There are 2 protein chains.
Amino acid sequence: MTNAQPDNAARETDYLAVHEDVVKRVLDRQPADEYLYDLAELFKVFGDSTRIRILYALFESELCVGDLAGILALSPSAVSHQLKILKDAKLVRFRREGKIIFYSLDDDHVRTILSMGMEHVEE
Amino acid sequence: MTNAQPDNAARETDYLAVHEDVVKRVLDRQPADEYLYDLAELFKVFGDSTRIRILYALFESELCVGDLAGILALSPSAVSHQLKILKDAKLVRFRREGKIIFYSLDDDHVRTILSMGMEHVEE
DNA sequence: TGAACATTTTTACATCTGTTCATATGTTAT
DNA sequence: ATAACATATGAACAGATGTAAAAATGTTCA
């Protein structure tokens, strides 16, 4: 949730774009705001240590809510809440076996993103 | 900021780890909490649409605060705030030319992470 | 030096987010 | 059907976060 302005409020007040030509060129090449927004939403999901810990745990093995609660020392409820967010973002999937539901990473994309991030952090 | 508990509060209450063996194995292989925390912090930086828009603008060209303010239709102050966060996370760097400061993406790591994310979003 | 400009910083505030607690849903086995 | 268990959901609260507004810092040039 970012801007909401009467269009060229920018120029009028104190937003002085120093390089008009560059600004226009960059604006032309920007991806649709919708994509950028979705992208931010995706990273937002990765941007929480509980969820990251869940994802890394699932890196090793499929796990049920109880397992994750044990691993993270969190309540099953808290885990379930975060799993819902991860499910909605299509970062994890699940399969049911009796009353137990096993969660796992959704695809290799997730692994790649995590690895890229870790590389940057390790520098 | 996640856990802070008298160690095995987990087992005592209602955290029933269904698969003890799996839990132990996963716990052994988890990266240090410190890394996971830093990783979450990194993604948190990507997880805001204003910052994503800044990064994508910088994808095209180095830009000064005024340019970015024009492109995003935000105040220079707001832009500067977000740039500070991006600087601290080492996602952008800058060079000064007179009174103007030009910002640019810090390295190709950043581009890669953005691209990976976009791929996932485009599915 | 002092005026003009580019950027940064501080404070304040409204919104968003994660966890807890209580309750509900769904599954299995008796 | 009922008890026991695994997971999910809803409401509420505390802490984190982004933006606006105002003031400060730093740089150039006359």
Side-chain angles (χ1 to χ4, degrees), chain A residues 1-6 9-10 13-19 22-23 37 40-41 43-54 62-70 72-89 92-103, chain B residues 1-5 9-10 13-19 23 37 40-41 43-54 62-70 72-89 92-103:
Chain A
M1 275 105 235
T2 23
N3 55 345
Q5 307 190 339
T13 58
D14 61 0
Y15 312 143
L16 131 120
V18 181
H19 308 95
V22 182
V23 168
Y37 184 78
E41 289 303 305
F43 285 124
K44 204 170 288 185
V45 176
F46 283 97
D48 173 78
S49 59
T50 298
R51 287 191 292 268
I52 285 285
R53 290 198 297 152
I54 289 177
E62 66 173 7
L63 295 165
C64 66
V65 174
D67 292 340
L68 284 165
L72 307 186
L74 271 182
S75 70
S77 171
V79 170
S80 181
H81 273 293
Q82 299 305 340
L83 280 173
K84 172 166 176 34
I85 294 173
L86 292 169
K87 264 187 295 179
D88 291 350
V92 304
R93 57 165 177 237
F94 61 94
R95 71 183 177 85
R96 166 160 241 143
E97 191 167 301
K99 49 184 167 181
I100 294 182
I101 296 178
F102 288 97
Y103 286 89
Chain B
M1 276 107 240
T2 22
N3 55 344
Q5 309 189 334
T13 58
D14 60 359
Y15 313 144
L16 130 120
V18 181
H19 308 95
V23 168
Y37 184 79
E41 288 303 305
F43 284 124
K44 202 171 292 182
V45 176
F46 283 98
D48 174 78
S49 59
T50 298
R51 288 192 292 268
I52 284 285
R53 290 198 298 153
I54 290 177
E62 64 172 9
L63 296 164
C64 67
V65 174
D67 293 340
L68 284 166
L72 308 187
L74 271 181
S75 70
S77 170
V79 170
S80 181
H81 270 293
Q82 300 305 341
L83 281 173
K84 173 167 175 35
I85 293 173
L86 291 169
K87 264 186 297 179
D88 291 350
V92 304
R93 58 165 177 239
F94 60 93
R95 70 182 178 86
R96 166 159 242 143
E97 191 168 300
K99 48 184 169 181
I100 294 182
I101 296 178
F102 288 97
Y103 286 89

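To find a chain, count down the sequence lines: A is the first, B the second, and so on, and within it residues start at 1. Computed from a predicted model, the values in this text were never measured in an experiment.
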Novice: I'd like to compare against my own output: the B/S/- annotation of nucleotides 21-30 of chain C with a strict under-4.0 Å heavy-atom distance to protein.
Specialist: BB----BS--
Novice: Taking atom P of dG18(C) as reference, at what distance in whole Å does atom CG of Leu68(A) sit?
Specialist: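 In whole Å, dG18(C) P and Leu68(A) CG are 17 Å from each other.
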Novice: Report yes if the side chains of Leu83(A) and Leu68(A) come closer than 4.5 Å at any heavy-atom pair, otherwise no.
Specialist: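 Touching, per the 4.5 Å side-chain cut-off.
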Novice: Out of dG18(C), dA8(D), dT7(C), which has the shortest distance to the side chain of Pro76(B)?
Specialist: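 Among the listed nucleotides, the one closest to the side chain of Pro76(B) is dT7(C).
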Novice: Measure NZ/Lys87(B) against C1'/dT9(C) and give the value in whole Å, please.
Specialist: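 Nearest whole value for this atom pair: 11 Å.
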Novice: Tell me whether the OP1 or OP2 atom of dT9(C) has a side-chain N or O from Ser80(B) closer than 4.0 Å.
Specialist: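 For Ser80(B), the contact criterion (side-chain N or O under 4.0 Å from OP1 or OP2 of dT9(C)) is not met.
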Novice: Would you say dT8(C) has OP1 or OP2 under 4.0 Å from some side-chain N or O of Tyr103(B)?
Specialist: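 The answer is yes; a side-chain N or O of Tyr103(B) sits under 4.0 Å from OP1 or OP2.
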Novice: For a quick check of understanding: with a heavy-atom distance under 4.0 Å over all strands, which category does Phe102(B) fall into, base, sugar-phosphate or nothing?
Specialist: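 Counting heavy atoms under 4.0 Å across all strands, no contact is made by Phe102(B).
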Novice: Expressed in angstrom and rounded to an integer, what is the separation of Phe43(A) atom CZ from dC16(C) atom C1'?
Specialist: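 Those two atoms, CZ and C1', are 20 Å apart.
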Novice: Whole Å only: how far is the CZ atom of Arg95(A) from the P atom of dA6(D)?
Specialist: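 Checked: the CZ to P distance equals 16 Å.
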Novice: Expressed in angstrom and rounded to an integer, what is the separation of Phe94(B) atom CZ from dT7(C) atom P?
Specialist: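 Spelled out: CZ on Phe94(B) to P on dT7(C) is 12 Å.
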Novice: Under 4.5 Å between any side-chain heavy atoms of Gln82(A) and Ile85(A), yes or no?
Specialist: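 Heavy-atom side-chain distance check passes, below 4.5 Å.
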Novice: So, taking the atom named CG in Asp48(B) and the one named CD in Glu41(A), what distance separates them when rounded to the nearest 0.5 Å?
Specialist: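 So the CG of Asp48(B) and the CD of Glu41(A) are separated by 9.5 Å.
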Novice: Would a 4.5 Å heavy-atom cut-off, applied to side chains only, mark Asp88(A) and Lys84(A) as touching?
Specialist: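 Asp88(A) reaches Lys84(A) side chain to side chain.
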Novice: In whole angstrom, what separates Ile54(B)'s CD1 from dT19(D)'s P?
Specialist: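 Answer to the nearest Å: 9 Å.
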Novice: Rounded to whole Å, how long is the line connecting atom NZ of Lys44(B) with atom P of dT17(C)?
Specialist: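 Rounding to the nearest Å, NZ of Lys44(B) and P of dT17(C) are 12 Å apart.
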Novice: Return no unless some side-chain N or O of Gln82(A) is found under 4.0 Å from OP1 or OP2 of dT17(C).
Specialist: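 For dT17(C), neither OP1 nor OP2 has a side-chain N or O of Gln82(A) closer than 4.0 Å.
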Novice: If you find the nucleotide of DNA chain D closest to Ile101(A) and the one closest to Gly47(B), which residue's nucleotide is nearer the 5' end?
Specialist: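 The residue mapped nearer the 5' terminus is Ile101(A).
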Novice: Suppose we screen for side-chain contact (heavy atoms from CB on, under 4.5 Å). Which residues come up paired with Arg95(B), at least two apart in sequence or across chains?
Specialist: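 Here the qualifying residues are Glu62(B), Glu97(B), Phe102(B).
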Novice: Report yes if the side chains of Tyr103(B) and Val65(B) come closer than 4.5 Å at any heavy-atom pair, otherwise no.
Specialist: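 The answer is yes; the side chains approach within 4.5 Å.
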Novice: State, with a plain yes or no, whether a side-chain heavy atom of His19(A) is found less than 4.5 Å away from one of Ile100(B).
Specialist: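 When only atoms from C-beta onward are counted, Ile100(B) and His19(A) do touch, with a gap below 4.5 Å.
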Novice: Tell me, please, which residues at least two apart from Lys87(B) pass salt bridge (Lys or Arg N to Asp or Glu O under 4.0 Å).
Specialist: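 Partners of Lys87(B) under the salt bridge (Lys or Arg N to Asp or Glu O under 4.0 Å) test: none.
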Novice: According to side-chain contact (heavy atoms from CB on, under 4.5 Å), who are the partners of Ser80(A), at least two apart in sequence or on a separate chain?
Specialist: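 Not a single residue meets the side-chain contact (heavy atoms from CB on, under 4.5 Å) criterion with Ser80(A).
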Novice: Side chains of Ile52(B) and Tyr37(A): closer than 4.5 Å at any heavy-atom pair?
Specialist: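 A side-chain contact under 4.5 Å is absent here.
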Novice: Check the distance between dG18(C)'s C1' and Lys84(A)'s NZ and give it to me in whole angstrom.
Specialist: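 Atom NZ in Lys84(A) sits about 15 Å away from atom C1' in dG18(C).
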Novice: Identify which nucleotide among dG18(D), dG18(C), dT7(D) has an atom closest to any side-chain atom of Val65(A), counting heavy atoms from C-beta outward.
Specialist: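 Closest of the options to the side chain of Val65(A): dT7(D).
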Novice: What's the closest nucleotide to the Asp48(B) side chain, out of dT20(C), dG18(D), dT7(C)?
Specialist: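 When the side chain of Asp48(B) is considered, dG18(D) is the closest of dT20(C), dG18(D), dT7(C).
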Novice: Please report how far the helix from dT1(C)-dA30(D) to dT30(C)-dA1(D) bends, comparing the axis fitted to its first five pairs with the axis fitted to its last five, to the nearest 10 degrees.
Specialist: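 Roughly 30° between the end axes, to the nearest 10°.
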